[in-house]
**Q** 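The structure that follows is given in the form of structure tokens.
We name chains A, B, ... by the order of the sequence lines, and we start the count at 1 in each one. Quick caveat, the model's predicted, so the values are computed rather than measured.
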Amino acid sequence: MTLNVDEGEVFGFLGPNAAGKTTTVRMLCCLISKTSGRAWIGGYEVGKREDSLNIRKMIGLLPENVGLYESLSAYKNLDIYARLYECSESKRRENIERFLRMLGLWEKREYSVGTYSKGMKQKIAIARALIHDPTVLFLDEPTANLDPESAKTVRDFILELKKEKRTIFLCTHNLDEAERICDRIGVIKTKLIAVGSPSSLKRDIWERKTIIHLHQINAKILGAVERLSVVKNIRTIDNKLILDVNNPEKDNPIIVSEIVSAGGEIQFVTELRPTLEDVYLRLVREPETK
Amino acid sequence: MRLWKAWIIATKDFSVFRKNKYILYSLVGMPLVFALIVPITIFYSLPTGQIPLEVLSSMINTMNTFFIFIPAILPTIIASYSFVGEKLEKSLEPLLATPTTDSELLFGKSLAAFLPSILATYIGSIGFVIFVDMETYNRFNTILLPSWEWAIIMAFAAPLACILSVEINVIISSRVNDVRAAQQLGGLVILPLVLIFSLAQSKIVTIDIFSLLFISSILLVADMVLYYISRIIFQREEILTKWK
């Protein structure tokens, strides 16, 4: 895969199970070595022994499993990692308090993590990934297995981080989440099959469709539309014409004019917008589609 | 290697161990059994008449060998929690993502298994010395401990046996995929050390200064060889992908 994630960008990494998302994250976090290829994070080369420590210093990782020390308190968990990330004592205290307050867990800081709910644990794991103010954050399925309320809290927190202009690499199966949070999205299925902003992916991968609601469809109207070169494909459902067009902004007035000339009575003209799920499913089912 | 980084990992493990009752009971129970309960049982089962002081001295030397295999058993329990416990709690990945080197991680983890084990051994041994001296003073009006044999065990054999056990457990933990297999294989380390006790008990081997120095030398060589093996084997990628 060839991929560039800009500073301050939130990049979503989508793909089916076993597509290679977690492996890619682990390689970028210098946890496993790559078999070939090259990658850089903040100017440091991934896989280069002398750069590995510098990369680990500048990244924060939220793995798929939170991996907290359940018998220890939330404060202690964060304090251990802050020390491992070489934070000064004042920064340690300040960041632990800041993140625990932001996540609404300051009052429960001395409770054993084992007594926390899944959502609370996930929040602590996110705080742990942020404790040293990393410039790059890797989040591997941050809302997986969370109830809707906890997932929303975590999502809102990621949006807060986005406002702070942190570079975030987000692996997720949640397409709605990806669409709402990410600036760009990459779809992987053992190789990178598409990259772009959610809107550009929808535009590029999915043909744009215009839906024209008519009072009645007849052969004359259909013939008039079929003769138009701007229309790639026509489907009819009841009194609706569903037309594949490349450029609706330019082509729709031509189509409307032809239908009216053919005696058609137009009630509505709308655009059929694909969801990111439509685009994603098409991509993973037909990997050759670019 | 930055020792302070290794120390953070070790203190983190100490905090986790403090909350683990099984580890605490093992650390307290095992030295208590071997340092006090077994000697008390042996002393009070002796014939009521006077036994020669040389015989008693030889028995005490044999009992001293407890303090070679106690520091070998304790790391088996601790190390299996230290290394495999990380895998069980799925905390290895975030830990390995921190800016720590493999050596710091290895040393910190080893320290976390070594220090409590050797400390519990020393405390147990001091209890053993006090008990034995009270008994021999009451019976013979003399004290037999600390002796040169005891000092060699405390200074060399015990810490070297402890290091051997820690290293073997590190190697086993990074090689096997199963927690129980790691614990059972790790436990095998004490067999050669128990053999020393058995040989001494059956009078095939005499526990004296020279035999203890010889045992310590063998342990030292084994420690050095295993240190290099564990450094080669202990690589974060191996740990992450093989510790399932």
**Q** Name all residues meeting the salt bridge (charged side-chain N to carboxylate O under 4.0 Å, His left out) criterion together with K152(A); count only those two or more places apart in sequence or in a different chain, and write none if there are none.
**A** D156(A)

**Q** Side chain, backbone, both or neither: which part of L68(A) has a non-hydrogen atom closer than 4.5 Å to chain B?
**A**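 Only the backbone of L68(A) comes within 4.5 Å of chain B.
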
**Q** Compile the donor-acceptor pairs, distance criterion under 3.5 Å only, formed between chain A and chain B.
**A**
unit_1	atom_1	unit_2	atom_2	d
R26(A)	NE	E93(B)	OE2	3.1
R26(A)	NH2	E93(B)	OE1	3.1
S33(A)	N	E237(B)	OE1	3.0
S33(A)	N	E237(B)	OE2	3.4
S33(A)	OG	E237(B)	OE1	2.3
S33(A)	OG	E237(B)	OE2	3.3
R56(A)	NH1	T100(B)	O	3.3
Y69(A)	OH	K12(B)	NZ	3.3
Y69(A)	OH	E86(B)	OE1	3.0
Y69(A)	OH	E86(B)	OE2	3.3
E70(A)	N	E89(B)	OE2	3.0
Y81(A)	OH	L95(B)	N	3.3
L84(A)	O	K5(B)	NZ	3.1
E86(A)	OE2	R2(B)	NH1	3.0
E86(A)	OE2	K5(B)	NZ	2.6

**Q** Is I124(A) close to V66(A) at the side-chain level, that is, under 4.5 Å between some pair of heavy atoms?
**A**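 No, every pair of side-chain atoms sits at 4.5 Å or beyond.
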
**Q** Just jot down the ring pair (Phe, Tyr, Trp, His ring centres under 6.0 Å) partners of F128(B), sequence neighbours excluded, or say none.
**A**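 Result, ring pair (Phe, Tyr, Trp, His ring centres under 6.0 Å) vs F128(B): F67(B).
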
**Q** Any carboxylate oxygen within less than 4.0 angstrom of a Lys/Arg side-chain nitrogen, looking at E97(A) and R93(A)?
**A**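 No, E97(A) and R93(A) are not salt-bridged.
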
**Q** Give me each pair satisfying ring-ring contact (aromatic ring centres under 6.0 Å, His included) with a member in residues 135-181 of chain A, each pair once, sequence neighbours excluded.
**A**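 Output for this query lists F11(A)-F169(A), F13(A)-F169(A), F138(A)-F169(A).
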
**Q** Is any side-chain heavy atom of L137(A) closer than 4.5 Å to a side-chain heavy atom of L62(A)?
**A** no

